[in-house]
Every structure is written in C-alpha cells, then in structure tokens.
Amino acid sequence: MAMFQFAFIIPIVAIVFGCGIAIIAIIAEYKEKKKYYESMVKALESGKSSEEIQALFNLPRREELDETRYLKKGVVTIAVGIGVGIIGVFVNADVIIGIGGFLCILGLSFLLIHYLLNKKKSA
C-alpha cells in the first residue's frame with residue numbers, strides 16, 4: 001500500500017520542481033536584464049559620451065559567449081532522461097520509461113547540433 005501512494009507522489013513532485021525551476025530561471029533572467037538596463041540608464045544620466053557608453057556595454061553576444069550551450073543542454077537532458085527511465089523501471093510504468101527514452105533522444109539531438117555547429121565553425 002505504501003508503494004502505491006509513493007507512485008503518485010513522484011509525478012507531483014517532478015511537476016512542482018520542474019515548474020519551480022523554470023519560474024526561478026525566468027525571474028533570475030529578468031533581474032539580470034533589469035540590472036543591465038538600470039546601469040545603462042545611470043551611465044546615460046551621468047553624462048558620459050556615447051563612445052564611453054558603447055565601450056562599457058559592448059559585451060559579446062550570449063551566443064558567441066557560450067559556445068558549449070548545446071553540449072551542456074544535451075548532457076543534462078540525457079542525464080534527466082536516464083533518471084526518469086530509472087524511476088520508470090522502479091515504478092514499473094512503461095509510460096515513464098518512454099518519457100525517459102524520449103528525453104535521451106532529445107539530448108542526443110542537442111549533442112548532434114553541438115557537433116554540427118563546431119564542425120561548421122572549424123571549416
């Protein structure tokens with residue numbers, strides 16, 4: 001009976017934590033952008049010239065800064081897929097095992113994108 005109740009808790013916890021992580025990421029990104037724009041407004045208000053402001057805020061684009069973003073996404077997605085698959089084996093639920101397999105395939109596609117982009121850059 002206790003295992004039956006535990007099986008219902010796993011998806012609920014997974015959904016709550018998954019949504020919570022997404023909400024925290026959105027809030028953190030918002031605060032980061034807000035700080036950036038507030039500092040830009042302060043630089044404008046301080047009377048700096050446009051060349052100085054451009055030199056201060058001329059940061060590389062996020063895409064250029066993080067060349068390994070697809071590699072990171074791929075490894076994390078594969079790890080999550082394996083974890084979900086293992087949970088599916090313990091709970092004996094084919095649907096959860098299928099979701100884990102889907103996540104592993106999605107992670108492999110991120111690794112393929114990373115490989116293709118690096119191959120294109122080196123050529």
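Just so it is clear, the values below take in all heavy atoms, side chains as well, and ignore hydrogens, waters and symmetry mates.
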Taking only distance into account, with no hydrogens and no angle test, what donor-acceptor pairs under 3.5 Å do side-chain atoms of residues 96-116 form with protein atoms, sequence neighbours excluded?
residue: Ser109; atom: OG; partner: Leu106; partner atom: O; Å: 2.5
residue: His114; atom: NE2; partner: Asn118; partner atom: ND2; Å: 2.9

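- With sequence neighbours excluded, no residue satisfies side-chain contact (heavy atoms from CB on, under 4.5 Å) with Ile21.
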Quick one: side chains of residues 38-46, donor-acceptor pairs under 3.5 Å with protein atoms, not counting sequence neighbours, listed by atom name and distance.
residue: Ser39; atom: OG; partner: Lys35; partner atom: O; Å: 3.1
residue: Ser39; atom: OG; partner: Tyr36; partner atom: O; Å: 2.7
residue: Ser46; atom: OG; partner: Ala43; partner atom: O; Å: 2.8

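- Cluster partners of Ile27, using a side-chain heavy-atom cutoff of under 4.5 Å among ILVMFWY residues and allowing indirect links, are Ile23.
- For the atom pair NZ of Lys73 and OG1 of Thr68, the computed distance is 11.0 Å after rounding to the nearest 0.5 Å.
- In the hydrophobic clustering, where aliphatic and aromatic side chains (Ile, Leu, Val, Met, Phe, Trp, Tyr) are joined below 4.5 Å either directly or transitively, Tyr30 stands alone.
- For the side-chain hydrogen bond (donor to acceptor under 3.5 Å, both in side chains) condition, no pair includes a residue of residues 76-105, sequence neighbours left out.
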